[in-house]
Amino acid sequence: MRSRTSPVGQPITIRRAVARDAKRLTRLVRGSGAYQGKYAAAVAGYRVGPDYIEAHRAFVAVGADEPGGRVLGFYSLVLAPPELDLLFVADEAQGRGIGRLLVAHMQSEARAAGLDRVKVVSHLPAEDFYHRTGAVRTGTALANPPAVPWDRPEFEFRIPPE
């Protein structure tokens with residue numbers, strides 16, 4: 001476990017996700033304000049199951065001052081092919097630097113795994129976030145109806161060696 005301080009001073013611990021986190025992660029995805037309205041169909045039946053957590057490098061951000069160690073955000077790194085599959089921060093925790101901490105942690109994990117780049121297919125409302133955290137736009141993922149009836153920007157994080 002690593003403990004860092006978010007830019008607004010609150011201690012945040014990033015730890016490996018475990019099977020018992022599955023329901024909390026599913027709720028975080030389905031409850032995301034970024035997936036309201038026309039985007040709701042993309043996550044309506046989405047489930048982050050224990051099998052998913054075991055198969056991928058999933059990590060959660062937990063606020064040290066949060067009651068019960070509430071999960072404030074999480075990400076999932078797929079190694080082959082290298083992709084940041086999921087990255088979510090709870091709506092009420094956004095703006096605290098948690099997304100940036102998760103991206104930095106993902107880059108560290110990718111570097112440790114010997115990766116030199118990590119692809120991201122972004123949700124449209126998250127496009128600016130990925131720009132701000134250093135991802136480079138590489139293309140467009142075409143719509144995949146009915147779940148995702150819109151094109152999405154593709155990005156890449158370049159992972160420099162230490």
Any Lys/Arg nitrogen of D21 or R15 sitting under 4.0 Å from an Asp/Glu carboxylate oxygen of the other?
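So D21 pairs with R15 through a salt bridge.
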
Give a yes or no on whether a salt bridge exists between E92 and R70, defined as a side-chain N under 4.0 angstrom from a carboxylate O.
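Salt bridge: yes.
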
Does any N or O in the side chain of [X] come within less than 3.5 Å of the main-chain N or O of [Y], such that one atom is a donor and the other an acceptor?
X: D151; Y: T140; answer: no
X: T133; Y: Y130; answer: yes
X: R100; Y: R132; answer: yes
X: R24; Y: T26; answer: no

Least distance between heavy atoms, [X] atom then [Y] atom:
X: W150; Y: K38; value: CZ3-O, 3.5 Å
X: H56; Y: S76; value: CB-OG, 3.5 Å
X: G63; Y: I12; value: CA-CD1, 4.2 Å
X: L72; Y: V62; value: CD1-C, 4.2 Å
X: Y35; Y: Y39; value: CD2-O, 3.6 Å
X: A34; Y: H123; value: O-NE2, 2.7 Å

Is L87 linked to V78 within one hydrophobic cluster, defined over Ile, Leu, Val, Met, Phe, Trp and Tyr using a side-chain heavy-atom separation of less than 4.5 Å?
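Hydrophobic grouping puts L87 apart from V78.
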
Do L79 and V120 share a hydrophobic cluster, counting only Ile, Leu, Val, Met, Phe, Trp and Tyr and linking them when any side-chain heavy atoms are less than 4.5 Å apart?
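Yes; V120 is reachable from L79 via cluster members.
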
Check the pair Y52 / L25 against side-chain contact (heavy atoms from CB on, under 4.5 Å), numbers first and verdict last.
CA-CA 11 Å; Y52 180 90; L25 302 186; over 6 Å; no

Dump the intermediate steps for side-chain contact (heavy atoms from CB on, under 4.5 Å) on E83 and V121, then the final yes or no.
CA-CA 8 Å; E83 182 173 1; V121 177; 3.9 Å; yes

Kindly assign one of parallel, tilted or perpendicular to the pair H131 and F155, based on the angle between their ring planes and the thresholds 30° and 60°.
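Perpendicular, since the angle between the ring planes exceeds 60°.
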
Rounded to the nearest 0.5 Å, what separates atom [atom1] in [X] from atom [atom2] in [Y]?
X: F74; Y: F88; atom1: CZ; atom2: CZ; answer: 6.0 Å
X: E127; Y: F129; atom1: CD; atom2: CZ; answer: 13.0 Å
X: I14; Y: Y75; atom1: CD1; atom2: OH; answer: 7.0 Å
X: Q36; Y: D91; atom1: CD; atom2: CG; answer: 7.5 Å
X: Y46; Y: L28; atom1: OH; atom2: CG; answer: 12.5 Å
X: M106; Y: L101; atom1: CE; atom2: CG; answer: 12.5 Å

Is there a side-chain contact between P153 and L124 (heavy atoms, below 4.5 Å)?
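P153 vs L124: side chains touch.
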
Start with the C-alpha gap between I159 and V118, add the side-chain angles, then the distance that decides, and say whether side-chain contact (heavy atoms from CB on, under 4.5 Å) holds.
CA-CA 7 Å; I159 311 296; V118 174; 4.2 Å; yes

Return the set of residues passing salt bridge (Lys or Arg N to Asp or Glu O under 4.0 Å) with E156 (not counting sequence neighbours), or none when no residue passes.
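E156 satisfies salt bridge (Lys or Arg N to Asp or Glu O under 4.0 Å) with R117, R158 once adjacent residues are dropped.
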
